[in-house]
Structure formats: C-alpha cells, structure tokens
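A short write-up of the structure that comes next.
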Amino acid sequence: MLAVWALLAGVSIAQKKSSVKPSLAQACGPLSGQIFKCPKFGFTYSVPFGWVERTQEMQDSNVDAQSIANSNERDGKSDEAADGAAEKHPPAEINSPGSEAAPAPFSGKSEILLAVFERPPQAAGETINSAVVIAAESRADYPSVKTAADYFGPISDLAGQRGLKALSEPYAFSTGNRQVVREDFTGERGKLSMWQSSLVAIEKGQIVSFTLVAGSEDEVEELIENLKFGASSQQKQVPHSLGDSK
C-alpha cells in the first residue's frame, strides 16, 4: 500500500500520525548503507542504489501524504490532466481513516518500518516512481484476520478504488526460507503502466506487509528479489507470472 498512490493499497492511509513503538524501532533498522535489517521479523531488504528514504517522514506525519499519493498519477500526464486528477482526489478522500466501502488496512497504530523511493515522491518524472514500503501493525486490531490471506480484502478494495486490477487471488509465495502470501495488481497512470505486488506475513503477533511498486513486471520482480528471510539468500522461483490469475 504506494509514490504510488501510496503504494496503492493503503500506505497513504498508514501515513496518518502514528505512535512508534520503541521495541519495533529498535529491532528493525535503521537503514545502513543500502541494507535494512529487521531481526525481529527475520528479514533483510537491500535498497537499490541511489534511492531516497522517507521512513521518518511517513512515521511522523501525513503532511506529504497527498503529494506521495498523487506522484505517479501525475507522471505521464499533461500538467492540466494531472491537476484535474489531483482535484478529484483531495487529501480527505484518499486519507480517510474509515471508509465504509473500503476499510483501511493500516490503522493509526501501524508503524512504517521502511519507506524508500526511486526519486523523491514530490518530484515529477517521465516514469513510474518505483517504491517499497514495509509496515507492521498488531494482529489484535483485526479480529477477523486469522491468516495472512485474510488481510488482502482491504488491500484489494483500495487497489480497485485507485484503478488497479488484481491479476491473481492471494497465493503462497516463497522468499528465502519463508513463505508469505502475495497478490499482484496493475493499472494505467496516464501513458504509463503501474505494477504492484503486496506481500504479507504474520510474525510474532504482527501483520507485516511489503508493498512494491514499479513500472513493469520485471522491475517488481527485481524489487522482490531484494527481500531475504532467514539465513537463505536464494530467492525461490516465482510460482507464476504477475499476469497469471489463479
């Protein structure tokens, strides 16, 4: 959930001011060089060289939530068209904490563990602004979520509201020695295509989500390959193409 209307499936909502839990903050990160380590949840993420980090900004406040949310909607459009799109999606609408039609998958108690972008979210560009956002929130806040797959209902609803089409049902996906649940989406942003994959795992009473956005299927796969769980550094084979449905 993502420059990127915020990692599209809810991260814009997660940008509400939240209470950072010291235990998580100390156990995960900070980003050192290009490596983000999170021993608490047993994963490492290698950030592409030259990317910018906006973790603290997203933790602290939602001041830039709208510019992050709209950045990829502006890319590939004329200024007039982009301004029109922004008018259709004011901050109150996108960042609504409790839409009945699409309940937010990120509560005010969620914590952004890592937020990195290919370029600053406010910067216009000719390509989709690739991004990775990793967040965690208490499973106790979601009594109906018994498995990681259950968490994809709100994610899918929010993605659909932003014009993204699900290319699969949530499915089991192996990364390193860990199995997570994954769902894939795509949509158009002006003249550009946007691809998003969301990965979810439940670890130590926390729902941990990974939202990865890029301008092509191959680019998304490259971002996923940078995620390693456990001691294994070998990314297992993708079960099927992003374009396959299950």
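These numbers come from the heavy atoms of this one structure, side chains and all, not from hydrogens, waters or symmetry mates. Throughout, numbering of the chain's residues begins at 1 and tracks the sequence. Keep in mind it's a predicted model, so treat the numbers as computed, not measured.
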Next on the checklist: Tell me every residue that passes salt bridge (charged side-chain N to carboxylate O under 4.0 Å, His left out) with Arg178, counting only those two or more places apart in sequence or in another chain.
Outcome noted: Glu203

Next on the checklist: Can you confirm whether or not the ring centre of Phe41 sits under 6.0 Å from the ring centre of Phe229?
Outcome noted: no

Next on the checklist: Under the rule for side-chain hydrogen bond (donor to acceptor under 3.5 Å, both in side chains), what residues qualify as partners of Ser46, not counting sequence neighbours?
Outcome noted: none

Checklist entry - If we only count heavy atoms from C-beta on, is the Thr44 to Cys38 side-chain gap below 4.5 Å? => result no

Item to check | Residues Phe210, Tyr45; criterion ring-ring contact (aromatic ring centres under 6.0 Å, His included); working and verdict | outcome: CA-CA 10 Å; Phe210 306 81; Tyr45 194 81; 7.9 Å; no

Checklist entry - How are the rings of Tyr151 and Tyr142 set to each other: parallel, tilted or perpendicular (split at 30° and 60°)? => result perpendicular

Next on the checklist: Taking side-chain contact (heavy atoms from CB on, under 4.5 Å) as the criterion, tell me which of Val181, Thr147, Asp157, Val145 meets it with Phe152.
Outcome noted: Val181

Next on the checklist: We want to know whether Glu188 and Ser193 form a side-chain donor-acceptor pair, criterion being a heavy-atom distance below 3.5 angstrom.
Outcome noted: yes

Checklist entry - Can you find a side-chain donor-acceptor pair between Gln196 and Thr186 that sits under 3.5 Å? => result no

Item to check | Joint cluster assignment, Leu223 & Ile35, ILVMFWY side-chain distance < 4.5 Å | outcome: no

Checklist outcome for this item: Rounded to the nearest 0.5 Å, the CG atom of Leu212 sits from the CG atom of Asn226 at a distance of 9.0 Å

Item to check | side-chain contact (heavy atoms from CB on, under 4.5 Å) against Thr55, all qualifying residues, sequence neighbours excluded | outcome: Glu53, Gln59, Ile112, Leu114, Ala115

Checklist entry - Can you check whether Ile128 reaches Arg189 side chain to side chain, under 4.5 Å on heavy atoms? => result yes

Next on the checklist: With rounding to the nearest 0.5 angstrom, report the CG to CG distance, Leu113 to Leu31.
Outcome noted: 12.5 Å

Item to check | Pair Asp184 + Arg182: basic N to acidic O under 4.0 Å | outcome: yes

Checklist entry - Within a strict 4.5 Å, meaning less than it, do heavy atoms of the Leu167 and Trp195 side chains meet? => result yes

Item to check | Where Gly215 and Glu219 come nearest, the two heavy atoms and their spacing | outcome: C-OE2, 3.7 Å

